[in-house]
Amino acid sequence: MDKAYNHKHAEEKWYDFWEKSGFFKPEVNPLGKPYTIVLPPPNASGKMHIGNVLMIAIEDILIRWHRMKGYSALWIPGSDHAGAETQITFERELKKQGKSRFSYNRTELYQAIWGFVQENKNVIKKQIRQMGASVDWDRYAFTLDDKAISIVHNTFRKLAKDNLIYRGDYMVNYCTKCGTTYSDVELRHEERKDPLYYLKYGPFVLATVRPETKFGDTAIAVNPGDKRYKDWIGKEVEVEGLNGKFNLRVIADNFVDPLFGTGVVKVTPAHDKNDYDASLRHNLEIKPVIDMDGKLNEKAGKYQGLSVLEGRKRVVADLRDGNLLEKIDENYVHNVTLCKAGHDIEPMVLPNWFIKVDDKKKSLKKPAFDVVKKGLVKIYPKWREITYTRWIDEMHDWPISRQNVWGIQIPVWYEVVDPNKFYIWFIDKNNEYRHGNLGKLLDQDFKIDEIISGLQRVLAMANVSWVFADDKDDGKIYFPETDTFDTWFSSGQWPIATLGYPESSDFKKFYPTSVLETGWEILRLWVSRMVMLGIYITGKPPFHSVYLHGIVRALDGRKMSKSLGNVINPDEYIDQYGVDALRMGLIAGTANGKDFTFPKDRVIAYKHFANKIWNMGRFILVMINEYNVEIISLNSIDSKKFTKEDKAILKDVRKVVGKVDISLGKYRFADAGEEIYQFMWHTIADKYIEQVKNRDDKQIALTVLLHVYKTCLKLLHPFMPYVTEELYQYMPKEASEPNSIMIANWPIYEKSTSFNAK
RNA sequence: GGGCUCAUAGCUCAGUUGGUUAGAGCGUUACAUUGACAUUGUAAAGGUCAGAGGUUCGAAUCCUCUUGGGCCCACCA
């Protein structure tokens, strides 16, 4: 043995050994009770981050612990295509090469991203192995595998058959730069200072940040309790506009805050969420003035073709010239909504695919709420439960279509009866990128075949009829739906997809899975959807428990982000301190699922710990050698020969086993790790080993020591697999030890079995 | 505006239903040690447990308020 522990040696050696031994597969123990975890698939858009490392460490502890205890343990690895995120990352790469997605047709773009993702997937696989994760690689899955896609398609069909799918006009968060719709949870809000313009508006003055949308105004609103405007309610007023005079009705609605601005609001249902909601209440016309590409349309008259911001400038200038601008508040601070890429979100009314989540006949959200309330799905830590239940309670219909190429295409076709109900994006035969109303495009002598062969995107109005591919009639013209599913719709079926629903033996044996372990930030995005869809498809929630770990913050205590430059790269820590130390250090920070600062000191401390137990092992071997001790079975020693130190340590180690079992059963990983650490260092090494040095009965002392030491190695194995395996292999074996590999070898003591497996 | 959460040693954090002198890692100081240990061991210093009030035989722990952080949701034209 080397004088000091070399983590690099151990890390190179043991992973293959474990994998080849077959112990990563549940088949190695077919009679054991199933214990299953589906790895939350890391995004194939890039490398793993420190949060993934924590996630893998926790899940590996759970899996190794159960495997050692005799469960048929299965941990399924995978990668997520991560639709929008990956496409944005890829397009950023393209930009560096001076290209964009418009340089490709759909198929080419999909292929190009596929290649890009393939590289990332391989890197991630390597990192998962390096972490020591005892996953079953034969069951590795990707969210765009044919199998996964077909399950997602089937679910969509089932939903459609149950009338839980509809297309509808809906106010969506549209990004005119990304060319796609985002769900609420994919957005962020940012405080920003913008000018607030006070416009003269017929008999009123009103305040707005967005004067350029005034061409889409279809009403004026005041608060019903506002005495100043009481007499105007219900009346039509004439407004002098930049494109001539027009008339608007004055409505009363509670959404208007009488204290803001002048207490009068222009209502623009097509481009504002509040106004849209009000328009439904008051039956107002919805009049879009912004196009899909973020430019003002024909309703803006002479401003047509200008971008929103240019339009705003021109409109403001003209209002000023026309003496229609009362004043400007330059210091107005408000929240704006941005997409992931940082562009302004444009609220627009567009046709979308929706899942009805609270249908009267077949509610999706009710059972998802109930299973958690009734404790059929337990959430740890418990106080996170309220986040889940509140979210489910408030959940509204789920828009599931995304305008990305990278994803699972919605398997639907539209019959082209009235071309004017289609808006089309395509590349023509001269490689020119074009888009527009299909009727107009056909008038311009583009042929259907040419359009279809260069097709980029189809937007059909909400009332166009659609069919599944099998139901297409010969001789009719169809356009495919080009939208793909929201990734959370497909990953919401991940436990089912990875286990091969409905026929496979895996599904029958391992579903529902034991625990879903992930960061709390995707509790609503992902966990809630899995519960909802899992119950809908199979009748059972996909897991018994949910364990939510906290987010690892940077060394400065802030959230890690590329822009702050405080991102922690796990590679450096693995290189310097070793996988075991990094895993253990991270675990020690996770006590109750709160966010925590990256515990660098502890990583170093556990590197020292690895070295400490290494040298304890060395000491044992040196002594055995020096005193030429024959190792016998602990049971064969007459108990009268034990000293009080022997008896005490044997009693203590049992207690430690019991405590570790109990802590792990409660997902208290830090407690369990700390217990082993303290016992090994400050009881075995500091006390027991010191007295061994002076013992005359070296054989008994060393037999006891070896037994206690190896018991601790086993306890520690789920946390620090590499160093423990290496040491275990150095140690002499007792005849009673069934396996010469740590992986199936949990210490069992009668009083230590009180733990909850599921 | 609604909700969650936190404030404990110089730093990062434990402290599980309220119960003896409040703990760990790192750091600091002193001494010892180079025949297991990139050292390690022994010991020490360091906290009015954010503040105020209350419940209790007893509060870091339960309740109320105050102050100051973090986060989530909603979002104001």
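All chains are named by letter (A, B, ...) in the order of the sequence lines, taking the proteins before the strands, and each is independently numbered beginning at 1.
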Phosphate oxygens OP1/OP2 of B/C13: is one of them under 4.0 Å from a side-chain N or O of A/Thr597? yes
Determine, using ring centers only, whether A/Tyr577 and A/Tyr606 are less than 6.0 Å apart. no
Watson-Crick/G-U partner (both atom distances under 3.5 Å) of B/U64: B/A52
Does OP1 or OP2 of B/G41 have a side-chain N or O of A/Trp681 closer than 4.0 Å? yes
Take A/Asp272 and A/Asp686, find for each the nucleotide of RNA chain B with the closest heavy atom, and name the residue whose nucleotide sits nearer the 5' end. A/Asp686
For B/A74, take OP1 and OP2 only and decide whether either is under 4.0 Å from a side-chain N or O of A/Lys273. no
Please give the distance between the C1' atoms of B/A24 and B/C49 as a whole number of Å. 16 Å
Salt-bridged, A/Glu12 to A/Lys8, with N to O below 4.0 Å? no
Between A/Glu690 and A/Lys687, is the closest basic N to carboxylate O distance under 4.0 Å? no
Are OP1 or OP2 of B/C73 and a side-chain N or O of A/Arg524 less than 4.0 angstrom apart? yes
Paired with B/U40 by Watson-Crick or G-U wobble geometry, both distances under 3.5 Å: which nucleotide is it? B/A32
Quick one: look up who B/C26 pairs with, Watson-Crick or G-U, both distances under 3.5 Å, and put none if it's unpaired. B/G10
Taking any heavy-atom pair under 4.0 Å as a contact, classify A/Ile604: base, sugar-phosphate, or nothing. nothing
Side-chain heavy atoms of A/Pro347 within contact of A/Lys273, under 4.5 Å: no
A/Val622 near the nucleic acid: base, sugar-phosphate alone, or nothing, with a heavy-atom cut-off under 4.0 Å? nothing
Would you say a side-chain N or O of A/Asn274 is under 4.0 Å from OP1 or OP2 of B/C76? yes
Check every strand shown and say whether A/Arg384 touches a base, only sugar-phosphate, or nothing at a heavy-atom separation below 4.0 Å. nothing
Do other residues, nucleotides or ligands put more than 12 heavy atoms under 6.0 Å from the NZ atom of A/Lys13? yes
Which nucleotide in the set B/A24, B/G2, B/C4 lies at the smallest distance from any side-chain heavy atom of A/Ile386? B/C4
Name the closest nucleotide to the A/Arg390 side chain, picking from B/G2, B/C76, B/G25. B/G2
Which is true for A/His7 with a 4.0 Å heavy-atom rule: it touches a base, it touches only sugar-phosphate, or it touches nothing? nothing
Using both distances under 3.5 Å as the test, list the Watson-Crick or G-U wobble partner of B/G19, or none. B/C57
Heavy atoms under 4.0 Å, any strand shown: does A/Lys693 hit a base, just sugar-phosphate, or nothing? base
Please test A/Asp329 against A/Tyr197 for side-chain hydrogen bond (donor to acceptor under 3.5 Å, both in side chains), starting from the C-alpha separation and ending with a verdict. CA-CA 6 Å; A/Asp329 177 358; A/Tyr197 304 97; over 6 Å; no
Integer angstrom distance from the C1' of B/U61 to that of B/G54: 15 Å
Distance check: side-chain N/O of A/Arg618 vs OP1/OP2 of B/U39, anything under 4.0 Å? no
Roughly how far apart, to the nearest Å, are B/G27 and B/C11 at atom C1'? 8 Å
What is the base-pairing partner of B/G1, counting Watson-Crick and G-U wobble geometry with both distances under 3.5 Å? B/C73
Categorize A/Gln678 for me: base, sugar-phosphate, or nothing, with a 4.0 angstrom heavy-atom threshold over every strand shown. sugar-phosphate
Report which part of the nucleic acid A/Lys600 touches: base, sugar-phosphate, or nothing (heavy-atom distance under 4.0 Å, all strands). nothing
For A/Asp275, which contact category applies under a 4.0 Å heavy-atom criterion: base, sugar-phosphate, or nothing? nothing
